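For clarity, every value in this text was computed on a predicted model and none was experimentally measured. Lettering of chains follows the sequences in order, A, B, ..., and the numbering in each one begins at 1.
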Protein chains: 2
Amino acid sequence: MKISFVYQSLILINLIIIFDIIDTLEILNLFNINRHHQGLYKSLSSSTPLLKGKVRNLHEKYYSQYVDHFSFTNRNTFKQRYLISTEHWKSPNGPIWFWAGNEGDVYDSAKKVGFIWDNAEKFQAMILFMEHRYYGKSIPYGKNSFKKLSNYGYLTVEQALDDYASFIVHIRSTMKGARSSPVVIIGGSYGGMLAAWFRIKYPHLCVGALASSAPFLHYPNIYDCKNYYRIATETFSNYSTNCSESIRRSWPAIRRLAKTNNGRTLLTKKFNLCEKFNPSQLESLIHYISYIWAVLPMMDNPKSSYPIKNACQYLNEPDSNDEQLITAIGKAYSVFKKNKQCKQLSGYGDMYIQKDSWDFQTCTELALPLCSDGVNDMFELSEWKMEQFSNDCHKKYGINPDPHKPLRIFGGKNIQHTATNIIFSNGLKDPWSGGSVLESLSDSLIAIKIPGACHCEDLLTETTNDTKTVLDAREQELQIIRGWFETYYEKKKIDFKF
Amino acid sequence: MKISFVYQSLILINLIIIFDIIDTLEILNLFNINRHHQGLYKSLSSSTPLLKGKVRNLHEKYYSQYVDHFSFTNRNTFKQRYLISTEHWKSPNGPIWFWAGNEGDVYDSAKKVGFIWDNAEKFQAMILFMEHRYYGKSIPYGKNSFKKLSNYGYLTVEQALDDYASFIVHIRSTMKGARSSPVVIIGGSYGGMLAAWFRIKYPHLCVGALASSAPFLHYPNIYDCKNYYRIATETFSNYSTNCSESIRRSWPAIRRLAKTNNGRTLLTKKFNLCEKFNPSQLESLIHYISYIWAVLPMMDNPKSSYPIKNACQYLNEPDSNDEQLITAIGKAYSVFKKNKQCKQLSGYGDMYIQKDSWDFQTCTELALPLCSDGVNDMFELSEWKMEQFSNDCHKKYGINPDPHKPLRIFGGKNIQHTATNIIFSNGLKDPWSGGSVLESLSDSLIAIKIPGACHCEDLLTETTNDTKTVLDAREQELQIIRGWFETYYEKKKIDFKF
């Protein structure tokens, strides 16, 4: 069962990778992204090339936040980072675009979320990016954060949401002209879930939420865990069924090749491994290659030059022999590996015991189960079983997951008669879309499906390469958000024009 | 400043007294009610005389609840008591009437909330009374609960609400026929605040809330702290202005009498004190008498034979001399003191350092400020200052109050465009009504004002003595609740008829 567990960890740890790969297209750098990216950015003036010139007057600040909002047993505080730009803000009463930080460095997001930068001026909006607790530079107990449960146990969705609530109240009550500023909350992926949940739980503090590519309904027993790999496979099949079929057949080929010395030499060469492939590394190699195919559909967009399209050009002969097939797979794989550094497989298999913030979240409130059957998808059979998952988590953290807790607290789909003003946008090529809201739940809980788009593509900056579906989706989102603001100003009798 | 603090503690500790005094009309027994009433009830078959025969098949059970719902630092559980009656419940899909336990023993409430018992049969409803954590028999750390902050710090509104949510999910997922049962949540006083907040935060788990006499907007800086004593005074003045004026003039009279030996003898006799009145007990005596006048308006209803009306018959000569005035006050006071036990004043003044569950709640999330000016009310001047209040709380518990936290979390009045299906009912004689919602906030956030009624009077069982205003209010509440259920069944396409 470790297999499926590793699969899952690998993919989950990279819910945010879309924001990185578009810059780098360097798969290898994606691993452990959460652990190594801190301190990379020396200056807040840098940003993704596409956003250059738009990210202006962005200031890094810190807000003192309680570690525990819901009991009085721990009155510790920590410094939570936020980024603020008032470059285009019209005071008083101009709106606030609030980014719900997700599982990573918030500056990393700020550099990439072009949708906010592209539109702040026309909305005369203040821009706030708030970092999620236990990520980036917002680590409550510093280096000791993961040394004991009494330090990392405060990493929960509910605490994170109340961080945002406390901060919004703080900004509105201390910043001149902001007291009546309407807030729209925006997030992508897990951050999109947070944005939607924030609107559900704190509707008095925001006029609405844009939840982009948020697997909002991705719960054990409710969500079909096969969805992710099935959709990922479809994204390959849509270029050519030979492509996905080649990948499906590559797994037994790799297993056969691993049994012979010649085969192992071939694997070492084609996957550019640093050390001669050893049969004990078989599962690691398969996980690694699976991972690449599993995450690529999240980022198959024009800004990344459609990486799957590129890969599939090499994968058109699924009927070829093992050597030919793996040679083709190796070529497809090398497309994304711009630097020529060899791949270190040893130690890779240990990742499943890695403790970090996101892993802890998946082991507690956000199980996000994934599985594959090898029939409806191109991956090897990999089951997901709650019991095994619980046991693995218990081994690591000493507690069992409580994956239905967000359902109890936020209501899942049963928000349709009570919650309002949430946009659930999804690129349909994105495998996470299978756990999201794809049909509107009501007049104001609006699903925007974006054919041909990938993970959070609507949040990226507008370019001439964007597809019409993405452009239309952004336009629809802006119209809805504008409507929320206008309704707010009207009800509050505030004269504010965009 | 201790004066106002004591005032406040005394009154707050008895938000629930309405449910007791109607049985006993014994003021002395009201003090420390939360501390002494446990274990009084030997059998669950007993109930208030008015409810005899209606409370049937009520079973006491316990549910295992996490002490901390919002972090993973503490996985302790405790046994939370609930009372259940399925006597009239129609399975499957019959509705659930859920009582949001407040600051006291839940069985005590169950015996008194006639509104639920009177109507369960016609609604074919299951009845659930859930005890609030840290009250009654639902004490997470038993006798050690108040020994350290790490034990009592989990006594927060948010945790209490999630207790109810967890339990409702549990009942609906484990009890045959209850999976689709709609829940209406009902509470009185602080429990009414909880009911309203529950609907705001967990609308997917209940169809609506009846918040009876809930001081929902009673926050420092938002609520005028003079309201309580002003309304209390009006309730006396409405019988006769001589009555309230007599009380207003009694304070300087008591202070003058305390200065002479004859005066002290008179005070001892008229207030039936156990020991000869000592000048050092002056503040205690005044607090004690003030307290009686302050709480009586909560319970001035026909079931209690209108105690203020009875008191006021003795208080018609405010211009009389000190001796005559205090003699009259003593007579008015003795009306409610059915047993002839003398009053022990010594030790009484220490109450302000008493730590208990409700005191802790007022020192953290529920400050509920009260003050008097002696001009618009008949009490002595008593200010309420946040700073002093904070200091006093810090001395006791080592933490400062966070009285605006419920505003941040629940939104205060700013729920009008997003929350739905809450009834705020208030008897207008009830001094707490001044901090409640007295005008409807929207079509489905409905204020029901009940002229001439007192604290939670609509929740008591129907009798032939009830006023038309109370009968009408109950009828309106039932119609609205029926509407919530019907809408629910319609949306869910469940064929269920009352």
Side-chain angles (χ1 to χ4, degrees), chain A residues 66-75 148-159 161-162 165-166 168-170 173 199-207 360 363-365 397-402 404-405 407-421 487-488 491-492, chain B residues 66-75 148-159 161-162 165-166 168-170 173 199-207 360 363-365 397-402 404-405 407-421 487-488 491-492:
Chain A
Y66 280 118
V67 170
D68 187 4
H69 295 292
F70 303 112
S71 91
F72 290 91
T73 59
N74 177 351
R75 296 271 82 193
K148 50 183 182 176
L149 191 59
S150 58
N151 284 356
Y152 57 76
Y154 296 103
L155 172 50
T156 67
V157 166
E158 310 88 82
Q159 301 279 0
L161 293 177
D162 208 51
S166 301
I168 288 172
V169 168
H170 166 76
S173 58
R199 170 64 188 169
I200 292 168
K201 283 293 184 192
Y202 298 88
H204 52 289
L205 295 180
C206 63
V207 296
F360 179 71
C363 263
T364 48
E365 301 179 322
Y397 300 107
I399 48 174
N400 288 319
D402 192 0
H404 290 107
K405 185 180 166 190
L407 268 185
R408 173 182 88 229
I409 293 185
F410 305 111
K413 221 172 182 170
N414 294 323
I415 57 168
Q416 53 196 327
H417 301 304
T418 50
T420 55
N421 294 9
T487 303
Y488 172 88
K491 279 180 183 160
K492 289 268 182 185
Chain B
Y66 280 118
V67 170
D68 187 4
H69 295 292
F70 303 111
S71 91
F72 290 91
T73 59
N74 177 352
R75 297 271 82 193
K148 50 183 182 176
L149 191 59
S150 58
N151 283 356
Y152 57 76
Y154 296 104
L155 172 50
T156 67
V157 166
E158 310 88 82
Q159 301 279 0
L161 293 177
D162 208 51
S166 301
I168 288 172
V169 168
H170 166 76
S173 58
R199 170 64 188 170
I200 292 168
K201 283 293 184 191
Y202 298 88
H204 52 290
L205 295 180
C206 63
V207 296
F360 179 71
C363 263
T364 48
E365 301 179 322
Y397 300 107
I399 48 173
N400 288 319
D402 192 0
H404 290 107
K405 184 179 167 190
L407 268 184
R408 173 182 89 228
I409 294 185
F410 305 111
K413 221 172 182 169
N414 293 322
I415 57 168
Q416 53 196 327
H417 301 304
T418 50
T420 55
N421 293 9
T487 303
Y488 172 88
K491 280 180 183 160
K492 289 267 182 186

Quick one, [X] and [Y] - any side-chain contact, counting heavy atoms below 4.5 Å?
{"X": "B/Ile415", "Y": "B/Phe410", "answer": "no"}
{"X": "A/Asn74", "Y": "A/Val67", "answer": "yes"}
{"X": "A/Phe72", "Y": "B/Phe360", "answer": "yes"}

Geometric class of the A/His69/A/Tyr66 ring pair [parallel <30°, tilted 30-60°, perpendicular >60°] |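 It falls in the perpendicular class, over 60°.
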Check whether [X] gets within reach of chain A through its side chain, its backbone, both or neither, counting any heavy atom under 4.5 Å.
{"X": "B/Ile399", "result": "side chain"}
{"X": "B/Thr487", "result": "neither"}
{"X": "B/Lys405", "result": "side chain"}
{"X": "B/Arg75", "result": "side chain"}
{"X": "B/Ile409", "result": "both"}

Side chain, backbone, both or neither: which part of A/Lys491 has an atom under 4.5 Å from a heavy atom of chain B?
->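 For A/Lys491, the side chain is the part near chain B, not the backbone.
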Top of [options] for chain A proximity - count of heavy-atom pairs under 4.5 angstrom:
{"options": "B/Leu155, B/Asp162, B/Asn151, B/Thr420", "result": "B/Asp162"}
{"options": "B/Lys201, B/His204, B/Glu365, B/His404", "result": "B/His204"}
{"options": "B/Asp68, B/Val157, B/Thr364, B/Val169", "result": "B/Thr364"}

Please round to the nearest 0.5 Å and tell me the distance separating atom OH of A/Tyr397 and atom OH of A/Tyr152.
->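 It comes to 7.0 Å.
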What distance do B/Ile200 atom CD1 and B/Thr418 atom OG1 have between them, rounded to the nearest 0.5 Å?
-> 8.0 Å
Closest non-hydrogen atom pair, B/Cys206 against B/Arg199 | O-NH1, 2.7 Å
Look at A/Glu158, A/Lys148, A/Gln159 and state which one has the largest set of heavy-atom pairs under 4.5 Å with chain B.
-> A/Glu158
